[in-house]
Amino acid sequence: MNRCDHMNGKVESANLEGLLAIVHHDIELKKDAYLFQEGDLADGIYYIRSGKIRIGKVSPDGREIAFQIFSEGDFIYEISLYADSSPYTVHARAIEDSVCAKIKKDVLEENLLLKPSLNVEFMKMMSLHHKKMQSKFRDLILHGKKGALYSTLIRLTNSYGVEQEGGILIDLSLTNQELANFCGMSREVVNRMLSTLKKDSKLSMQDGKILVHDLEYLREENHCEICPIEICKID
């Protein structure tokens, strides 16, 4: 099985190989371990050599909200460049055993100043990151609870979809609570909406993973604007 041809929007890290030459050290994480937590000093960026890292935040009422999942070949860059280091306002947690390379903030800034081509590529990556987040928040705000779920499912197919007979398998194990965290709603609401989609044969479950049978239906219901694939992703 091959990943869908239209799902190749990952930023090509080959364009940023210069960053890997200034890696400070590697960090090995077991599943559920934190790469960093809210309040920790944001003093570097991370490159994922293997595994998956989820970025999230705990709301004042104790609910966890998930923003993104980063995978092998991705950079995590929740920092402010050329300014005093500030605390993280989000946390990063491994959802499977992972290895991440850390690049210290001061070393990164020095190399970006000395290497204009690297600076340009890094700015492109940062710009894409902001566009992804703006697109996601737009969907969450404009399209309500149903739109939030449908948007999340669409993004998951774009990031982790594998074509199969009868649909697209989201090749990532997620509980309904974890899916709810991405949508900013309760597990009970997500359960009801998923049950409706299953009843209408729009999706089903396969070995604990979601198989989307009618992606076009989700797009139409969500008034999809057909954003570039590199923007409409969960990572």
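Only a predicted model underlies this, so the values are computations on that prediction, with no experimental measurement involved.
- Remark: the backbone N or O of L169 is not paired with any side-chain donor or acceptor of Q206 at under 3.5 angstrom.
- For the pair R54 and F182, the minimum side-chain heavy-atom distance is below 4.5 Å.
- Closest approach of T157 and I154 over heavy atoms only: OG1-O, 2.6 Å.
- Hydrophobic clustering (ILVMFWY, side-chain heavy atoms < 4.5 Å, transitive): V23 and L81 are in one cluster.
- Classified by interplanar angle (parallel below 30°, tilted 30° to 60°, perpendicular above 60°), the ring pair H91/Y34 is perpendicular.
- In summary, the side chains of H213 and S204 do present a donor paired with an acceptor at a separation below 3.5 Å, with no hydrogens or angles considered.
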Pair I27-H25, side-chain contact (heavy atoms from CB on, under 4.5 Å): steps then yes or no: CA-CA 7 Å; I27 301 170; H25 64 271; 3.7 Å; yes
So L174 and I95, side-chain contact (heavy atoms from CB on, under 4.5 Å) or not? Walk me through it. CA-CA 10 Å; L174 289 171; I95 59 175; 5.7 Å; no
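- Of all heavy-atom pairs spanning K145 and V189, the tightest one is CD-CG1, 4.1 Å.
- Screening I170, N191, L149 against L179 for a side-chain contact (heavy atoms from CB on, under 4.5 Å) leaves a single residue, L149.
- Linking Ile, Leu, Val, Met, Phe, Trp and Tyr whenever their side-chain heavy atoms come within less than 4.5 Å leaves V120 and L128 in two separate clusters.
- Under a hydrophobic clustering in which Ile, Leu, Val, Met, Phe, Trp and Tyr are joined whenever their side-chain heavy atoms come within less than 4.5 Å, directly or via other members, Y82 and M125 fall into the same cluster.
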CA sep, side-chain torsions, deciding dist, call: R155, S151, side chain to side chain donor-acceptor pair (under 3.5 Å): CA-CA 6 Å; R155 293 170 190 276; S151 171; 3.0 Å; yes
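- Hydrophobic clustering (side-chain heavy atoms under 4.5 Å, transitive across Ile, Leu, Val, Met, Phe, Trp, Tyr) groups V90 together with F70.
- Here E109 pairs with K105 in a salt bridge; the nearest charged N to carboxylate O distance falls below 4.0 Å.
- When atom types are taken as modelled, the side chain of S127 and the backbone of M123 share no donor-acceptor pair closer than 3.5 angstrom.
- Transitive grouping of hydrophobic side chains (ILVMFWY, heavy atoms separated by less than 4.5 Å) keeps I53 and V99 in distinct clusters.
- Looking at D43 and K102, their side chains come closer than 4.5 Å, going by heavy atoms from C-beta outward.
- The side-chain hydrogen bond (donor to acceptor under 3.5 Å, both in side chains) test applied to D106 returns no partner, not counting sequence neighbours.
- Under a cut-off of 6.0 angstrom, the local environment of CG in D207 is sparse, with at most 12 non-hydrogen atoms contributed by other residues, nucleotides or ligands.
- Shortest non-hydrogen contact noted between E178 and T175 is OE1-N, 2.9 Å.
- To the nearest 0.5 Å, atoms CG (L153) and CG (L215) are separated by 9.0 Å.
- In this structure, the separation between CD1 on I69 and OH on Y160 is 5.0 Å, given to the nearest 0.5 Å.
- Listed for the D97 side chain is no donor-acceptor partner under 3.5 Å among the backbone atoms of K30.
- The environment of CD in E28 is sparse: at most 12 heavy-atom neighbours from other residues, nucleotides or ligands sit within 6.0 Å.
- Of the possible polar contacts, none joining the S173 side chain to the K209 backbone as a donor-acceptor pair under 3.5 Å is found.
- By the side chain to side chain contact (heavy atoms under 4.5 Å, CB included) test, E165 is found to be paired with no residue, residues two or more places apart in sequence or in another chain being considered.
- Under a 3.5 Å cut-off, the side chain of N111 and the backbone N or O of V107 do form a donor-acceptor pair.
- Closest non-hydrogen pair, C100 versus I48, comes out as SG-CG1, 4.2 Å.
- Note that CD1 of I55 and CZ of F67 are 9.5 Å apart. Values are rounded to the nearest 0.5 Å.
- Taking each heavy atom of N181 and E64 in turn, the nearest pair found is OD1-O, 3.1 Å.
- Here the straight-line distance linking atom OH of Y47 with atom CD1 of I76 works out to 12.0 Å at 0.5 Å rounding.
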Decide yes or no on side-chain contact (heavy atoms from CB on, under 4.5 Å) for I210 and M205, but give the supporting numbers first. CA-CA 5 Å; I210 297 173; M205 300 302 295; 3.8 Å; yes
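- Residues passing the salt bridge (Lys or Arg N to Asp or Glu O under 4.0 Å) test with E110, sequence neighbours excluded: none.
- You'll find the side chain of N119 stays beyond 4.5 Å of the side chain of K115, heavy atoms only.
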side-chain contact (heavy atoms from CB on, under 4.5 Å) between K202 and T196, intermediate numbers included: CA-CA 9 Å; K202 304 303 180 184; T196 298; over 6 Å; no
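- Interatomic distance, E38 CD to D40 CG, rounded to the nearest 0.5 Å: 9.5 Å.
- Ring planes of F36 and Y88: parallel class, angle under 30° (limits at 30 and 60°).
- Here the shortest heavy-atom pairing between L108 and I22 reads CA-CD1, 4.2 Å.
- Taking CG of L203 as the start and CG of L197 as the end, the distance is 4.5 Å to the nearest 0.5 Å.
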